[in-house]
Amino acid sequence: MLTPPRTVVRRDGGLYALERALQRRGFRHVAGADEAGRGACAGPLVAAAAVLPEGRRGEIEGLADSKLLTAASRERVYDEVVARALAYAVVVIPAAEVDARGLHVCNLAALRRALASLATRPEYVLTDGFGVDGLDVPGLAVWKGDRVAACVAAASVLAKVTRDRLMIELDERYPGYGFAEHKGYITPEHTAALRERGPCREHRFSYVNVATVSGRDGRPPRSRRPTAGGPDELFGGSPGEALFGGSGEALVGGRDEPMERSGAPGGTVGVALGEQPRPPAPVGEDVVMEGGER
């Protein structure tokens, strides 16, 4: 039995080299997945997946890691990705769910849900940084994937632009924190606002800095988020209120659709058996990677 020749992808091959190599091997539909908001201590976690077409139609001028683009460039590239992609999906995980389930569990679930929601079924999956289990197609975790693979860069732009827009909306709903500027990441201005005003319902109470200024730092991580009643009424709303469609919906191909679309018969999209909550994320995790400050 002959062993197929190895596929060599040169480092200087450009952003499309890895996908082109996979397509030459028969994987026509290569999906990329990435997230935005891991290191933020306020606002939702957003994950996205995208499948770009083969050939020149899939080549988007100016496409790059979203963190390397200006806000105006990201908006332009976002529009191009939406217009050209064979399929794309965006999933929004509210801060309350991040607190309840843990950052890493939510991150994997969001990436998995985004991939499962793609209208075009991927034949191969590329993810940024770490692998996503529970998929029924082969995949590869690529270090700094949003700078190496075009489909991952496209997903990073979708996730970043979506999340930035949501944080601008939250800035209007919760003025005084500067969400429109720092997007929920740890900056001196955000820290000062937290100390002066205390946290709002869109902060992540499982993060040490938020739990400390809320006076809830002595509680276990999963019970730090305030519930309705008593002094916690200052956070407004009812317990478990879902913003932006909540954890049960995804923005798929520009439309609101159920987040957990049917996958394999009898399976559940977005929940991996055996996933266990991790300890709370350290303050500032991945902040530098996503444009914030330590």
Side-chain angles (χ1 to χ4, degrees), residues 35-48 90-111 113-114 159-187 190-191 193-195 197-217 219-228 232-251 259 270 275 277-287 290-292:
E35 86 290 319
R38 278 181 60 90
C41 70
L45 177 69
V46 178
V90 181
V91 170
V92 178
I93 304 293
E97 186 171 346
V98 174
D99 283 342
R101 301 183 63 196
L103 175 65
H104 188 65
V105 171
C106 284
N107 193 40
L108 290 178
L111 291 170
R113 292 173 186 178
K160 175 67 173 170
V161 170
T162 299
R163 188 176 188 279
D164 284 357
R165 291 174 179 177
L166 295 177
M167 294 308 297
I168 291 172
E169 292 180 13
L170 283 179
D171 186 63
E172 297 177 358
R173 184 169 180 175
Y174 299 99
Y177 293 100
F179 289 153
E181 286 73 37
H182 53 66
K183 307 302 189 294
Y185 289 96
I186 308 297
T187 65
H190 191 184
T191 298
L194 266 174
R195 289 172 178 167
R197 306 171 67 88
C200 71
R201 292 186 68 247
E202 285 304 310
H203 281 94
R204 301 177 187 175
F205 286 78
S206 55
Y207 279 55
V208 174
N209 63 324
V210 178
T212 299
V213 298
S214 69
R216 308 175 71 86
D217 54 316
R219 302 193 181 192
R222 299 298 172 259
S223 65
R224 284 175 178 163
R225 175 165 287 276
T227 55
D232 289 332
E233 285 288 353
L234 64 93
F235 295 95
S238 58
E241 177 187 356
L243 303 181
F244 315 121
S247 62
E249 294 182 354
L251 304 178
M259 176 181 293
E275 277 190 347
R278 285 189 167 190
V283 174
E285 178 180 313
D286 289 348
V287 170
E290 294 193 12

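Worth saying up front: this structure is predicted, and the values here are computed from it rather than measured.
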- Message: Donor-acceptor check, side chain of S214 to backbone of A211, threshold 3.5 angstrom: yes or no?
- Response: yes
- Note on the structure: Interatomic distance, CG@L103 vs CG@L108, rounded to 0.5 Å, equals 9.5 Å
- Item | Note, V213 side chain near N209 side chain (heavy atom, < 4.5 Å) | no
- Note on the structure: Heavy-atom closest pair (Y174 atom, C200 atom, distance to 0.1 Å) is CD2-CB, 3.7 Å
- Item | Test side-chain contact (heavy atoms from CB on, under 4.5 Å) applied to D99 - qualifying residues, sequence neighbours left out | R204, F205, S206, R225
- Task: Name the orientation class of the two ring planes belonging to H203 and F179 (parallel below 30°, tilted from 30 to 60°, perpendicular beyond 60°).
- Result: tilted
- Message: For a quick test of reading the model, state the closest non-hydrogen atom pair linking G43 to A95 and the distance between them.
- Response: O-CB, 3.8 Å
- Message: A side-chain contact here means heavy atoms from C-beta on lying under 4.5 Å apart; do V46 and V91 qualify?
- Response: no
- Task: Over all heavy atoms of both residues, which pair between H190 and A42 is shortest? Give the atoms and the distance, please.
- Result: CE1-CB, 4.1 Å
- Message: I'd like to know if R113 and E35 make a salt bridge, using a cut-off of under 4.0 Å between side-chain N and carboxylate O.
- Response: no
- For R195, check salt bridge (charged side-chain N to carboxylate O under 4.0 Å, His left out) against everything at least two apart and list the hits. none
- For the atom pair SG (C106) and CD (E97), what is the distance rounded to the nearest 0.5 Å? 4.5 Å
- Message: For L170 versus P44, what's the shortest heavy-atom pair and its separation?
- Response: CD1-CD, 4.3 Å
- Task: To the nearest 0.5 angstrom, please state how far the CD atom of E202 sits from the CG atom of L166.
- Result: 9.5 Å
- Task: Compare every heavy atom of L45 with every heavy atom of G37, then report the nearest pair and how far apart it is.
- Result: C-CD1, 3.9 Å
- Minimal non-hydrogen separation, P199 against L194, with atom names: CA-CD2, 3.8 Å
- Task: Report yes if some heavy atom in the side chain of M167 is under 4.5 Å from a heavy atom in the side chain of H182; otherwise report no.
- Result: no
